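Written below as structure tokens is the structure these notes are about.
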Protein chains: 2
Amino acid sequence: MLTIKDVAELAGVTPMTVSNVLRERGRVGEATRQKVLRAVEASGYRPNLTARALVERRAPTLALLLGCITNPFYPQFTLKATHAARRHERHLLVCNTDYEGDGGIGFLAEVAGSLSDGILVANNGALSIEDLQTVQQGGTPVVISVWEFPDAPPPGIACVTFDSTAAGRIATEHLTALGHQRIGAVVASEKGGIHNGRYDGYRSAMRAAHLRALQADVRFCSDDYQSGYDAATALLTARPDLTALFVSNDLPALGVLNAVWALGLRVPEDVSVVSITDIEQASQSRPALTTVSIPTTEMAEQGVNLLLQLIEERAGEQAGAAPVVHTSAPTLVTRASTAPPRRQEPTSRT
Amino acid sequence: MLTIKDVAELAGVTPMTVSNVLRERGRVGEATRQKVLRAVEASGYRPNLTARALVERRAPTLALLLGCITNPFYPQFTLKATHAARRHERHLLVCNTDYEGDGGIGFLAEVAGSLSDGILVANNGALSIEDLQTVQQGGTPVVISVWEFPDAPPPGIACVTFDSTAAGRIATEHLTALGHQRIGAVVASEKGGIHNGRYDGYRSAMRAAHLRALQADVRFCSDDYQSGYDAATALLTARPDLTALFVSNDLPALGVLNAVWALGLRVPEDVSVVSITDIEQASQSRPALTTVSIPTTEMAEQGVNLLLQLIEERAGEQAGAAPVVHTSAPTLVTRASTAPPRRQEPTSRT
DNA sequence: CTGTTAGCGCATTCAC
DNA sequence: GTGAATGCGCTAACAG
């Protein structure tokens with residue numbers, strides 16, 4: 001490996017001068033500067049970031065912990081976070097923890113404080129708050145960048161939140177405003193799980209419209225295409241009088257769309273479908289998905305900003321409560337998967 | 001930050017003993033071992049990987065360089081590579097180079113040899129072979145893990161290849177075997193670009209079936225959904241007698257599917273569509289996409305294996321030609337987007 | 001089995 | 001403006 005010493009000799013200066021030139025610190029004469037630059041160029045020398053990180057007590061990168069990289073939301077979020085990091089001249093390392101037996105804490109512990117100066121978490125997975133607290137106590141700032149519950153921030157961990165309940169409410173209100181009365185729900189998490197805020201929004205909108213949200217009209221499932229497909233098939237088979245479906249996330253909603261079609265029904269003529277997130281694929285489905293857009297870009301940017309800020313403050317070991325950053329309200333994106341119910345039948349069967 | 005010295009004092013031993021216990025090197029008495037383990041547990045100590053990497057002259061991770069993380073192929077490939085790396089007790093760092101002004105070489109240079117012991121490249125982007133060679137000369141092994149041209153490996157860089165021409169041929173033969181004679185092509189790269197092998201396969205199958213592959217029946221476009229949509233719209237508008245479309249990649253093929261539909265035509269009744277890759281979304285489209293599956297998992301695994309092997313051999317600085325690993329033949333996955341042409345019309349219009 | 005000495009490649013602090 | 005000391009946290013090689 002080429003070291004700074006080699007380049008220094010090649011340029012006829014001391015290592016320190018090379019270092020100063022490369023980092024644009026300290027004052028270096030223009031002539032020396034050029035000499036050094038030429039030597040660097042000629043030798044193809046690259047500073048060893050490991051050594052630099054060791055002595056500077058700061059890593060050169062930020063890390064983004066992902067629970068499931070194949071869920072299209074995460075790559076899209078990652079891209080935005082990458083851009084945000086770049087704007088601050090940081091590189092973002094993406095760590096995918098799918099199927100790590102320990103939920104990713106091992107990966108986290110290795111990366112934290114060594115390879116990375118701070119951790120952004122966008123996990124839909126098994127990582128516990130306690131684990132994150134442990135890492136943070138080790139001196140590496142942690143920010144949860146997609147937190148669903150603005151009113152119940154994670155204890156001791158900084159986060160960026162969006163109003164998931166509002167998202168669920170807006171989606172469902174769109175359906176009730178259209179005149180739907182028999183509205184089922186496909187919730188892509190366990191009951192009381194990560195999508196509980198979205199589900200609460202659904203229930204609150206149902207109540208507001210004086211409609212009953214029956215247990216039988218709700219299915220809980222996993223957050224993927226196939227689970228959405230299966231849940232919708234089961235739900236519509238059991239409750240054929242449903243005229244609309246609220247789905248808690250776009251990815252399973254894409255499955256719902258195909259399930260409705262496979263059942264021989266049409267969207268939106270027979271069944272309207274609305275969901276939440278507005279991933280890229282939502283506009284590419286047939287029919288295009290009406291969905292409630294959540295501020296993905298904003299969360300990525302705010303997450304990076306907050307993390308950088310915590311890194312700055314780290315010396316001070318902030319004693320106060322962990323900061324909570326709220327983001328813009330979700331907004332409805334009306335596309336082609338929703339329409340008024342075909343006939344305003346009296347709520348016949350239950 | 002907690003150092004090894006702190007733990008050593010806490011356990012009443014020297015740092016060396018702590019190090020030995022943690023890495024299971026050297027012989028340590030069981031009593032001492034327990035003492036150390038307890039001290040580590042109590043203090044929550046984590047070794048600083050930066051320092052360890054510096055002295056061991058080896059980084060703890062592998063890096064995967066991605067050109068475009070939002071293209072669903074890459075997350076799916078990443079997942080497989082992550083698993084492969086885990087099986088070798090390595091962590092995989094994902095580096096997304098989208099929109100890096102320099103095509104990612106800066107990121108690469110930083111990561112290479114510092115944060116990472118070797119680089120896996122799965123780039124559809126701007127990274128040049130020269131850049132990779134430079135990095136490799138710096139002492140960090142590089143493997144291109146998705147190389148399209150088995151007969152023309154990248155000079156000086158190890159790679160894992162698949163037979164892209166066979167893939168293109170198999171896809172097109174499927175169409176000709178079905179009886180199609182007017183087969184257009186949507187190629188998702190510039191002319192002579194990354195999908196040229198696939199395109200060659202199309203042309204060779206057309207020749208073999210004694211069909212003419214007219215320039216006018218081919219469109220070159222970018223490798224994304226919308227470009228596929230636009231290209232198909234233009235192509236089918238200009239050449240309405242086409243009964244089938246060969247698309248060089250699944251992602252634009254999904255766009256093609258919707259474009260056909262938007263034109264008021266039906267797949268496969270009016271137009272058959274076949275493509276290449278078999279990403280997850282190929283089976284989720286309506287109709288499900290007939291496609292030629294390329295050995296994604298195998299490439300990810302072989303890429304990791306090859307990289308690890310090069311890392312082992314690094315001391316020897318292998319002089320021979322860079323290794324080329326060939327993977328299993330692509331295979332046709334017949335789904336619902338292809339069927340015989342509706343009427344076997346004489347090739348009327350040109 | 002355990003402790004000691006030395007140094008990985010770099011940047012900080014001060015002389016010159 | 002540039003050079004010489006010192007040490008980041010850890011482990012290799014050896015001494016005890």
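Just so it is clear, the model here is predicted, and its values are computed rather than measured. Per chain, numbering begins at 1; letters A, B, ... match sequence-line order.
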Most 5' of B:Thr14 and A:Lys5 on DNA chain C, judged by nearest nucleotide: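 It is B:Thr14, whose closest nucleotide lies nearer the 5' terminus.
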Can a side chain N or O of [X] be found less than 4.0 Å away from OP1 or OP2 on [N]?
| X | N | result |
| --- | --- | --- |
| B:Thr17 | C:dG3 | yes |
| A:Arg23 | C:dC10 | no |
| A:Tyr45 | C:dC10 | yes |
| B:Arg25 | D:dA12 | yes |

Within this structure, what is the [atom1]-to-[atom2] distance between [X] and [N], rounded to whole angstrom?
| X | N | atom1 | atom2 | value |
| --- | --- | --- | --- | --- |
| A:Glu30 | D:dG1 | CD | C1' | 13 Å |
| B:Leu22 | D:dT11 | CG | C1' | 12 Å |
| B:Leu2 | D:dG9 | CG | P | 10 Å |
| B:Glu9 | D:dG9 | CD | P | 13 Å |
| A:Leu115 | D:dC10 | CG | P | 14 Å |
| A:Asp6 | C:dG9 | CG | P | 9 Å |

Apply side-chain contact (heavy atoms from CB on, under 4.5 Å) to the pair A:Gln76 and A:Thr296, showing each step before the final yes or no. CA-CA 8 Å; A:Gln76 287 165 36; A:Thr296 308; 5.5 Å; no
Members of residues 46-62 of chain B that approach DNA chain D, where some heavy atom sits under 4.0 Å away: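 Here the set is B:Pro47, B:Asn48, B:Ala51, B:Arg52, B:Val55, B:Glu56.
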Minimum-distance pair of heavy atoms, taken over all atoms of B:Arg58 and B:Asp117: CA-OD1, 3.6 Å
Of all heavy-atom pairs linking B:Tyr45 and B:Thr3, the shortest is CE1-C, 3.6 Å
I'd like to know whether A:His88 forms a side-chain contact (heavy atoms from CB on, under 4.5 Å) with A:Asn305, so could you lay out the CA-CA distance, the side-chain angles of the two residues, the decisive distance to 0.1 Å, and finally the verdict. CA-CA 9 Å; A:His88 295 278; A:Asn305 289 346; 3.1 Å; yes
By nearest atom, which of the nucleotides D:dT11, C:dC10, C:dG3 is closest to the B:Ser19 side chain?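 Nearest to the side-chain atoms of B:Ser19, counting from C-beta on, is D:dT11.
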Nearest to the A:Met16 side chain among D:dA12, D:dA4, C:dG3, which nucleotide is it? D:dA4
Do the side chains of B:Arg33 and B:Glu30 get close enough for a salt bridge, i.e. N-O under 4.0 angstrom?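 Yes.
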Going by the side chain to side chain contact (heavy atoms under 4.5 Å, CB included) test, name the single residue among A:Leu120, A:Leu306, A:Val325 that passes it with A:Ser145. A:Leu120
Apply side-chain contact (heavy atoms from CB on, under 4.5 Å) to B:Arg52 and B:Asn48, showing your working. CA-CA 6 Å; B:Arg52 181 181 284 176; B:Asn48 182 325; over 6 Å; no
